[in-house]
Amino acid sequence: AMSYPEYERLYREPGKWVRWNSDKVHYDWNHGNSMFHYPGEGYLISFRNNDRVFLLSEDFKTIRWSLGVGAHNTFQLKEPAQQFSAQHHATLIDKDKVMVLDNHAGERFRRQGRFASRVAIYQLNRFQNTAKLIWEFQPTPIISAVARGSADYFAETKTVVAYFPSRTQRTDSLFEVDYKTRKPRGSMVFANGENWTGYRAEPHYNLGQETFLGMKLQATGGQGHQK
């Protein structure tokens, strides 16, 4: 366990952490938003407020590696165009490829005061401890999915299904993207309410099967549920 001040002293980089409610209140400094188990590899966990992805060992005792912006990561993303921030839904395409829904699309957009979300895939080099952005999809026109969203790769169809929920634009957009051409094969747009969006899009066979703190989620739509 580590207190926020200690974490800030050791790991925080200027401008990397968002105080969601107040400049005087420090809380939710990790904000884990996805965890997937890969047998033989471990648990891939996304921490939104740290702009980091971890691979945790299967016995939960060791962080095998981390991917992110800061120098303390095993795989550091140094170039602004390579970086992700406030990401969701980190998954492994294979043991050396990580995919995220990059909500803010890196610091280059945050510095400009606008958010342009994308799907980003990174190739890990375990010999040199480097990572490289090898694939991305950014909708046109730009979608600002400031929070939430998902991206899944389907080997059978060689497609990426990407979900961009936007409260500011009041739309939830779903794309099926051809992996080779990086162009949409199809898309759907849903109107959402002023104060809610869906959280992520999942294959139908997963609906109702996820658990949170031991309680089965109800896949019925509405605020806080899958869409």
Side-chain angles (χ1 to χ4, degrees), residues 2 6-18 29-112 115-138 149-155 158-162 177-182:
M2 183 183 296
E6 184 180 4
Y7 174 88
E8 184 174 43
R9 177 178 63 82
L10 292 175
Y11 294 116
R12 186 187 172 197
E13 297 170 77
K16 290 292 181 186
W17 189 80
V18 180
W29 48 269
N30 271 334
H31 194 92
N33 56 31
S34 70
M35 181 172 72
F36 293 95
H37 180 216
Y38 297 92
E41 290 292 321
Y43 293 87
L44 191 70
I45 306 174
S46 166
F47 288 112
R48 167 186 164 86
N49 288 357
N50 301 153
D51 301 341
R52 300 179 77 185
V53 174
F54 291 89
L55 184 69
L56 188 65
S57 63
E58 291 186 291
D59 61 5
F60 294 99
K61 293 182 178 180
T62 305
I63 295 174
R64 298 187 60 188
W65 53 257
S66 63
L67 169 68
V69 177
H72 48 278
N73 289 291
T74 313
F75 303 102
Q76 182 186 9
L77 300 170
K78 296 181 180 181
E79 299 298 325
Q82 300 269 320
Q83 296 169 0
F84 58 78
S85 59
Q87 77 289 339
H88 279 75
H89 206 84
T91 58
L92 289 177
I93 294 179
D94 62 39
K95 66 177 183 178
D96 292 320
K97 287 181 183 176
V98 179
M99 180 167 65
V100 299
L101 194 290
D102 179 7
N103 293 75
H104 293 183
E107 286 299 295
R108 67 191 190 284
F109 289 107
R110 186 183 290 185
R111 292 192 191 104
Q112 295 172 19
F115 301 143
S117 304
R118 67 178 175 180
V119 179
I121 299 177
Y122 297 90
Q123 177 75 53
L124 308 182
N125 185 323
R126 296 176 186 246
F127 298 100
Q128 298 179 358
N129 284 352
T130 58
K132 181 180 180 181
L133 177 68
I134 61 169
W135 192 95
E136 65 178 323
F137 169 73
Q138 192 169 72
S150 61
D152 289 287
Y153 175 74
F154 295 90
K158 293 182 173 56
T159 57
V160 172
V161 174
V177 183
D178 187 285
Y179 186 79
K180 183 177 181 180
T181 66
R182 307 186 190 189

Peer 1: Taking Gln87 for its side chain and Val100 for its backbone only, find out whether a donor-acceptor pair lies under 3.5 Å.
Peer 2: no

Peer 1: Find the distance between CZ (Phe47) and CZ (Arg52) and round it off to the nearest 0.5 Å.
Peer 2: 9.0 Å

Peer 1: Please say which of Asn33, Asp152, Asn103 ends up in a side-chain hydrogen bond (donor to acceptor under 3.5 Å, both in side chains) with His89.
Peer 2: Asp152

Peer 1: Determine whether a donor-acceptor pair (N or O, by modelled atom type, separation under 3.5 Å) exists between the side chain of Gln83 and the backbone of Lys78.
Peer 2: yes

Peer 1: Tell me whether Arg64 contacts the main-chain N or O of Glu41 through its side chain, where contact means a donor paired with an acceptor under 3.5 Å.
Peer 2: yes

Peer 1: If you draw a 6.0 Å radius around CD in Glu79, do more than 12 non-hydrogen atoms from other residues or ligands fall strictly inside?
Peer 2: no

Peer 1: Examine distances only and state if a side-chain atom of Gln82 and a backbone atom of Leu77 form a donor-acceptor pair shorter than 3.5 Å.
Peer 2: no

Peer 1: Does Val53 form a side chain to side chain contact (heavy atoms under 4.5 Å, CB included) with Tyr122? I'd like the steps, not just the answer.
Peer 2: CA-CA 11 Å; Val53 174; Tyr122 297 90; over 6 Å; no

Peer 1: May I ask you to test the Ile63-Leu55 pair for a side-chain heavy-atom distance under 4.5 Å?
Peer 2: no

Peer 1: Hey, could you give me the CD1/CD1 distance between Ile134 and Ile121, rounded to the nearest 0.5 Å?
Peer 2: 6.0 Å

Peer 1: Indicate the atoms forming the closest heavy-atom contact of Asn125 with Phe75, along with that distance.
Peer 2: O-CE2, 3.4 Å

Peer 1: Looking only at heavy atoms, which two atoms of Ala86 and His88 are closest? And how far apart?
Peer 2: O-ND1, 3.6 Å

Peer 1: Can you tell me if Thr159 uses its side chain to pair, donor with acceptor, with the backbone of Asp178 under 3.5 Å?
Peer 2: no

Peer 1: Centre-to-centre under 6.0 Å for Tyr38 and Tyr43, is that the case here?
Peer 2: no

Peer 1: Compute whether any side-chain donor of one residue and acceptor of the other, for Glu58 and His37, lie under 3.5 angstrom apart.
Peer 2: yes

Peer 1: With a 4.5 Å limit on heavy-atom distance, are the side chains of Val98 and Thr91 in contact?
Peer 2: no

Peer 1: Strictly distance-based, threshold 3.5 Å: is any side-chain N or O of Glu136 a donor or acceptor partner for the main-chain N or O of Ala120?
Peer 2: no

Peer 1: How many angstroms lie between atom OG of Ser46 and atom CE of Met35, to the nearest 0.5 angstrom?
Peer 2: 12.0 Å

Peer 1: Is the closest side-chain heavy-atom distance between Leu101 and Val119 below 4.5 Å?
Peer 2: yes

Peer 1: Between Tyr153 and Tyr179, is a ring pair (Phe, Tyr, Trp, His ring centres under 6.0 Å) present by the stated rule, with each step listed?
Peer 2: CA-CA 9 Å; Tyr153 175 74; Tyr179 186 79; 5.3 Å; yes

Peer 1: How close do Ser34 and Ala90 get, heavy atom to heavy atom, and via which atoms?
Peer 2: OG-N, 3.2 Å

Peer 1: So, taking the atom named OG in Ser117 and the one named CZ in Phe84, what distance separates them when rounded to the nearest 0.5 Å?
Peer 2: 14.0 Å

Peer 1: Are Phe137 and Arg118 side-chain neighbours, meaning at least one heavy-atom pair lies under 4.5 Å?
Peer 2: no

Peer 1: Could you grab the distance from atom CD of Gln76 to atom OG1 of Thr130, nearest 0.5 Å is fine?
Peer 2: 11.0 Å

Peer 1: I need the minimum non-hydrogen distance between Gln123 and Lys97, along with the two atoms involved.
Peer 2: OE1-CE, 3.1 Å

Peer 1: Any chance the side chains of Ser66 and Asn73 put a donor and an acceptor closer than 3.5 Å?
Peer 2: yes

Peer 1: Is the closest side-chain heavy-atom distance between Met99 and Val160 below 4.5 Å?
Peer 2: yes

Peer 1: Check whether any side-chain heavy atom of Leu67 lies under 4.5 Å from a side-chain heavy atom of Thr74, and answer yes or no.
Peer 2: no

Peer 1: With rounding to the nearest 0.5 Å, note down the distance linking CG in Leu92 to CG in Leu44.
Peer 2: 4.5 Å

